[in-house]
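To start, the structure under review is shown below, and the notes come after it.
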Amino acid sequence: MDSEDPNDAEQYHLEVGPGDVADSVLLPGNPERVPKVTDAWDHSEEVARHREYRTATGSYEGTPISVTSTGIGSPSAAIAVEELARVGADTLIRVGSCGAIREEAAVGDLVITRGAVRQEGTSDEYVREDYPAVADHAVVAALVAAAERLDYDYHVGLTCSTDSFYAGQGRPGFENFEARGSEGLVEELRAANVLNFEMEASAILTLANVYGLRAGAVCSVYANRVTGEFRTEGERRAAETASLATHLLAQMDERVAESAASEWHAGLGIE
């Protein structure tokens, strides 16, 4: 029935259709970040804008690339994944901001997600709670290589994705309300070697694995919850790192096509 899937050629929420987006799509949250992402590209054109979803397509160093904003949180990010997959995207990289919970991840540094704690409810709608949210190994390698080439400070590790910026991340709510379990949340995650908080990565990674897509995440550290620092710094670094990673992934895919391998591995190199 039409009511079961309202998407025809043009997707219901994103308002994109086949041919509007490249195989690889960057996923910032804020629609206002889209032009900041495309600033580093060879060229770009906005192809759709509806609600929190703003999409542009262009190229970076000759590699086709798109960007779609997802809004805040996993529910809207999951819609973006669903509808981008329907029009042919196969590689998704979250580009965002985060709060670090370890001293070594300074404000302005990048965090590249290897896997994520699913402390959000959206992915629970798709799979059992013990299903892992893991990034594609080639996407992680490309993001690391990009950060190295750009000489940006970065950290690779585990992310905690939450449904709440306040209570879910151990912050006090209105009038210093404290949610159940919030008092020890940061220390518990620090003890488990988690690097940062954000709100979309685990759902994006989970859905990508369910659908056989590649996904990863790179976030700029805006806040360090241990040192108490907060600055909106580094968002262009995350965008440029993800853009270069997309270009490197295209080269990695060429290496796979030229070899007998079924997927990229370190022995194939990049260039």
Side-chain angles (χ1 to χ4, degrees), residues 3-7 11-14 25-31 50-53 68-86 89 92-101 111 113-136 139 157-174 177-219 222-223 225:
S3 63
E4 297 302 307
D5 186 353
N7 304 286
Q11 298 302 299
Y12 181 67
H13 299 89
L14 272 59
V25 185
L26 308 188
L27 302 175
N30 188 347
H50 184 225
R51 300 185 181 183
E52 63 265 52
Y53 303 109
T68 295
S69 58
T70 66
I72 296 176
S74 291
S76 58
I79 288 172
V81 172
E82 288 276 6
E83 297 189 4
L84 289 168
R86 284 166 163 80
L92 306 168
I93 302 178
R94 163 152 163 72
V95 181
S97 57
C98 68
I101 58 174
V111 173
T113 298
R114 179 182 289 122
V117 179
R118 291 170 48 211
Q119 193 182 300
E120 40 77 25
T122 301
S123 60
D124 290 344
E125 302 283 347
Y126 286 80
V127 292
R128 49 193 283 171
E129 64 181 11
D130 52 0
Y131 186 95
V134 292
D136 180 85
V139 175
L158 299 177
T159 290
C160 179
S161 299
T162 73
D163 273 337
S164 166
F165 181 82
Y166 293 98
Q169 297 184 18
R171 291 186 173 96
F174 176 59
F177 168 79
E178 290 191 7
R180 177 176 56 86
S182 65
E183 182 178 353
L185 177 62
V186 172
E187 285 305 315
E188 177 187 352
L189 292 170
R190 277 170 48 81
N193 207 27
V194 174
L195 277 173
N196 63 319
F197 281 121
E198 55 80 75
M199 298 179 67
E200 294 85 17
S202 66
I204 292 169
L205 299 180
T206 299
L207 268 64
N209 279 300
V210 168
Y211 294 142
L213 311 174
R214 297 191 297 195
V218 56
C219 290
Y222 277 11
R225 301 288 299 281

Quick one: does [X]'s side chain have a donor or acceptor within less than 3.5 Å of a partner on [Y]'s backbone?
X	Y	value
H50	H13	yes
R94	C219	no
T206	A203	no
R118	A133	no
D136	A215	no
R214	N209	no

Legend entry - Y166 OH: over 12 foreign heavy atoms closer than 6.0 Å: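 Counting neighbours around OH of Y166, 12 or fewer heavy atoms of other residues, nucleotides or ligands fall under 6.0 Å, so no.
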Looking just at side-chain N and O atoms, do [X] and [Y] make a donor-acceptor pair shorter than 3.5 Å?
X	Y	answer
E82	Y211	yes
Q119	T162	no
T113	T159	yes
E198	S161	yes
E120	S202	yes

Rounded distance (nearest 0.5 Å) linking atom [atom1] of [X] with atom [atom2] of [Y]:
X	Y	atom1	atom2	answer
L207	Y126	CG	OH	4.5 Å
Y12	R51	OH	CZ	5.5 Å
L185	C160	CG	SG	6.5 Å
L189	N196	CG	CG	10.5 Å
S123	I204	OG	CD1	11.0 Å

Inset, instruction - Report yes if some heavy atom in the side chain of I93 is under 4.5 Å from a heavy atom in the side chain of V139; otherwise report no. - result: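 They are in contact (side-chain heavy atoms under 4.5 Å apart), so the answer is yes.
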Legend entry - M199 and I72, any side-chain heavy atoms less than 4.5 Å apart: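 When only atoms from C-beta onward are counted, M199 and I72 do touch, with a gap below 4.5 Å.
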For [X] versus [Y], what's the shortest heavy-atom pair and its separation?
X	Y	value
S76	G73	OG-O, 3.3 Å
F197	C98	O-CB, 3.1 Å
G121	D163	N-OD2, 2.8 Å
A80	L14	CA-CD1, 3.9 Å
S69	E52	OG-O, 2.6 Å
S182	A179	OG-O, 2.8 Å

Inset, instruction - Would you please test L92 and V81 for side-chain contact (heavy atoms from CB on, under 4.5 Å) and show each step? - result: CA-CA 8 Å; L92 306 168; V81 172; 3.9 Å; yes
Inset, instruction - Considering only NZ, NE, NH1 and NH2 on the basic side and carboxylate oxygens on the acidic side, decide whether R190 and E187 come within less than 4.0 Å. - result: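 Here R190 pairs with E187 in a salt bridge, since their nearest N and O are under 4.0 Å apart.
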Inset, instruction - Using the side-chain contact (heavy atoms from CB on, under 4.5 Å) rule, take L195 and L158 through it: C-alpha gap first, then chi angles, then the decisive distance, then the call. - result: CA-CA 6 Å; L195 277 173; L158 299 177; 6.0 Å; no
Legend entry - L27/V95 under side-chain contact (heavy atoms from CB on, under 4.5 Å): CA gap, chis, key distance, verdict: CA-CA 5 Å; L27 302 175; V95 181; over 6 Å; no
Inset, instruction - Please step through side-chain contact (heavy atoms from CB on, under 4.5 Å) for the pair I79 and Y53, ending with a clear verdict. - result: CA-CA 10 Å; I79 288 172; Y53 303 109; 3.4 Å; yes
